[in-house]
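Since the structure is predicted, the reported quantities are computational estimates derived from the model, not experimental observations.
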Amino acid sequence: MTEMVAVPWWLMAALVLFAAIGIVDRVFGPTVRWFFRGRLNRAIDELNDRLRLQIQPFKLTHRQTLVDQLMYDAKVLEAVEEEAHATGTPRAVLMKRAERFAREIVPSFSAFAYFGFGTRAARWLSQLLYRVRLGYADNDTLQKVDPRSAVVFVMNHRSNMDYVLVTYMASSQASLSYAVGEWARIWGLEGLIRSMGAYFIRRNSNDPLYRRVLGRYVAMATRQGVTQAVFPEGGLSRDGRLGPPKLGILSYIVSEFDASADRDIVFIPVGINYDRVLEDRVLTARAEKELTGRDFRTSVPSIAGFIYNLARLRLGGRLYRFGYACVSFGTPVSLREWQQARGLNMRSLPTEEKFEAVARLGEDLTKAIGAILPALPVSLAARVFLDHPQQGLSELEVKTAIGELIETLAARGVHVHIPRSDLDYAAGAGLRMLTLRRMVEEDDAGLFRANPRESVLLGYYANSIAHHLEQASQPKLAVHG
């Protein structure tokens, strides 16, 4: 019993290592976790003191707990039962599918990732690419929003930069939870996006079980007061116009709302516009091919070349930013007040009437977004050349036409961003951008004409303010520099 036993040195080293790991995990681990958890909680408390819309406990809940809550939600279980009866698929198989959907959807929010990295990166990237400006903001009404409400920012979708730009602009007020499409589900990027509080969705999915799981997650997050950001259009605008609302996410947010028991849901309209949309060639490629036969294709090498060129110009001090990017925040819309004004109770409506009510809400929110969508120098200049497609215009005539357009828009209550409060500079900035991108050409006589080969792209930028010129006058907003 007391004889020596020889063991290989590598086995002894492994035993010592495992023993050390066990001691650290069982003895020192709880203390270390307690220490860092305490620091994290203090950091979150400090953030909540600074933010107007606080980070809700639901958002900080452990991800596995949220996945379990979602899987065993009564309505998800009901959907599993319905599909099991309809298709004969075993319930265990359907529950596995539901679990896979839940893991795919549920984020894993990290306050450090969002505020320590995300908002700083958003600010850096936004200011690297654009001259960022705050447009119209109904500050008095925004300050009166009950911070206990479930706040939903609803915005037009011009570019994938919208996520970055609005995250930066709203970083002093709230942490936003976005619905992100499958395009971002790539290695490395997916984990970062989840840690920023975003949840992934499959667009145009016809799987009823998936739709039920997604709907229940959105409803749960809304009921718990998570601040969300939603694009009612559903996807990027391909013609530059503000598109009609798609009601999927919106219906998940409001369909179970009980005005007598639930916290209010407050929608804040957000209007976004750019002097240059990074993806404009991609978005207009289909219309371009139909009109001219030209086929614009993007590829990894072309994207890498574009990024390389930006970096080279930046390091050489020769990078000119892509004009102005402007964000406007409109008057909040309380769902409780919206329902009361129409004598509705969303939760108690029959399915068909509920769908009609959600459609009406979507239309009202889209109009509210359109009303505050700002006009920028490029959209103004593009509108002038679209209205004079074959006419040669002198620089003075272009600036005069832009000035008249600004007066028309201002009379209709549209926010027009005039850089440096200088109409001449604003008109010159728009004309210069169109000329540099060859949407407008200058002839030997010094006259400017719309380039017929770029009519689709020119229309894309002009269309961003087309709805302002087509609709009746709106309540007046200020024209700011």
Side-chain angles (χ1 to χ4, degrees), residues 53 55-61 63 65-80 98-109 149-155 157 163 166 174-182 184-185 193-194 196-235 245-259 261-268 270 333 335-336 338 346-347 349 351 354-355 357-359 361-362 365:
L53 302 174
I55 303 171
Q56 296 297 326
F58 177 87
K59 203 167 185 176
L60 300 170
T61 304
R63 183 168 182 261
T65 303
L66 293 179
V67 170
D68 292 339
Q69 286 181 16
L70 187 55
M71 275 182 60
Y72 295 101
D73 178 86
K75 295 202 173 182
V76 172
L77 294 176
E78 181 183 319
V80 168
E99 181 181 11
R100 187 171 70 252
F101 294 151
R103 291 188 181 282
E104 181 181 307
I105 293 166
V106 173
S108 54
F109 177 74
S149 303
V151 175
V152 182
F153 290 79
V154 286
M155 60 196 76
H157 205 3
Y163 298 98
V166 176
S175 62
L176 304 181
S177 178
Y178 291 93
V180 180
E182 292 176 286
R185 295 197 64 198
I193 289 175
R194 285 194 193 282
M196 295 284 287
Y199 58 97
F200 288 91
I201 61 172
R202 300 181 184 183
R203 300 194 185 278
N204 303 316
S205 174
N206 293 320
D207 188 324
L209 181 57
Y210 172 79
R211 292 202 303 270
R212 185 67 65 89
V213 174
L214 173 61
R216 292 311 300 159
Y217 172 76
V218 175
M220 285 167 54
T222 304
R223 181 167 290 186
Q224 295 298 325
V226 173
T227 304
Q228 301 177 62
V230 174
F231 301 100
E233 294 170 277
K246 294 182 180 179
L247 306 179
I249 297 293
L250 187 60
S251 67
Y252 298 150
I253 290 173
V254 306
S255 60
E256 296 297 319
F257 177 68
D258 185 350
D262 296 339
R263 67 177 82 211
D264 194 10
I265 300 175
V266 177
F267 297 96
I268 299 180
V270 181
V333 177
L335 181 59
R336 180 176 287 125
W338 185 88
M346 197 73 73
R347 190 168 191 172
L349 289 175
T351 302
K354 184 179 291 187
F355 180 82
V358 174
L361 176 62
L365 293 176

Task: salt bridge (charged side-chain N to carboxylate O under 4.0 Å, His left out): pairs with one or both residues in residues 216-231, sequence neighbours excluded - done: Asp73-Arg216, Arg223-Asp262
Open item on the list: Ignoring hydrogens, what is the shortest heavy-atom contact between Leu335 and Asp264? Give both atom names and the distance.
Closed with: N-OD1, 3.6 Å
Task: Contact check, side chains of Tyr199 and Val218, non-hydrogen atoms, under 4.5 Å - done: yes
Open item on the list: Test your reading of the model: is there a side-chain donor-acceptor pair from Arg63 to the backbone of Arg103, 3.5 Å cut-off?
Closed with: yes
- [ ] Kindly compute the distance separating OH (Tyr217) from CD (Glu104), expressed to the nearest 0.5 Å.
- [x] 13.5 Å
TODO: Please check if the side chain of Gln224 supplies one atom and the backbone of Phe58 the other of a donor-acceptor pair under 3.5 Å.
DONE: no
Task: Non-hydrogen atoms of Gly181 and Phe200 that approach each other most closely - done: O-CD2, 3.7 Å
TODO: Measure the spacing between CG of Leu247 and OH of Tyr252 and express it to the nearest 0.5 Å.
DONE: 11.0 Å
- [ ] Using only heavy-atom distances, determine whether the side chains of Ser175 and Lys59 contain a donor-acceptor pair under 3.5 Å.
- [x] yes
Open item on the list: Tell me the closest heavy-atom pair linking Val106 and Arg194, and the distance in Å.
Closed with: O-NH1, 3.1 Å
- [ ] Say whether, by atom type as modelled, one donor and one acceptor occur between the side chain of Arg336 and the main chain of Ala259 under 3.5 angstrom.
- [x] yes
Task: pair Ile105-Tyr210: side-chain heavy atoms closer than 4.5 Å - done: yes
Task: Set of side-chain contact (heavy atoms from CB on, under 4.5 Å) partners for Arg203, sequence neighbours left out - done: Tyr163, Ile201
Open item on the list: Go through it in stages, so that I can follow the logic: the residues are Met196 and Phe109, the test is side-chain contact (heavy atoms from CB on, under 4.5 Å), and I'd like the CA-CA distance, side-chain angles, deciding distance and then a yes or no.
Closed with: CA-CA 5 Å; Met196 295 284 287; Phe109 177 74; over 6 Å; no
Task: Heavy-atom closest pair, residues Val67 and Ala102 - done: CG1-CB, 4.0 Å
TODO: Tell me, with the steps shown, if Phe101 and Arg202 meet side-chain contact (heavy atoms from CB on, under 4.5 Å).
DONE: CA-CA 10 Å; Phe101 294 151; Arg202 300 181 184 183; 3.7 Å; yes
Task: Heavy-atom closest pair, residues Leu209 and Ala98 - done: CD2-N, 4.2 Å
- [ ] Measure the spacing between CZ of Phe257 and NZ of Lys354 and express it to the nearest 0.5 Å.
- [x] 12.5 Å
Open item on the list: If the condition is side-chain contact (heavy atoms from CB on, under 4.5 Å), which residues does Arg263 pass it with, not counting sequence neighbours?
Closed with: Gln56, Ala150
TODO: Measure the CD1-CG distance between Ile265 and Leu250 for me, rounded to the nearest 0.5 Å.
DONE: 9.0 Å
- [ ] Drop me the distance from Arg212's CZ to Leu77's CG, to the nearest 0.5 angstrom.
- [x] 10.5 Å
Open item on the list: Rounded to the nearest 0.5 Å, what separates atom CZ in Phe267 from atom CG in Leu365?
Closed with: 5.5 Å
Open item on the list: Minimum heavy-atom separation for Asp258 and Arg347, please, with both atom names.
Closed with: CB-NH1, 3.7 Å
Open item on the list: I'd like to check Ser251 versus Phe355 (side-chain heavy atoms, cut-off strictly below 4.5 Å). Are they in contact?
Closed with: no
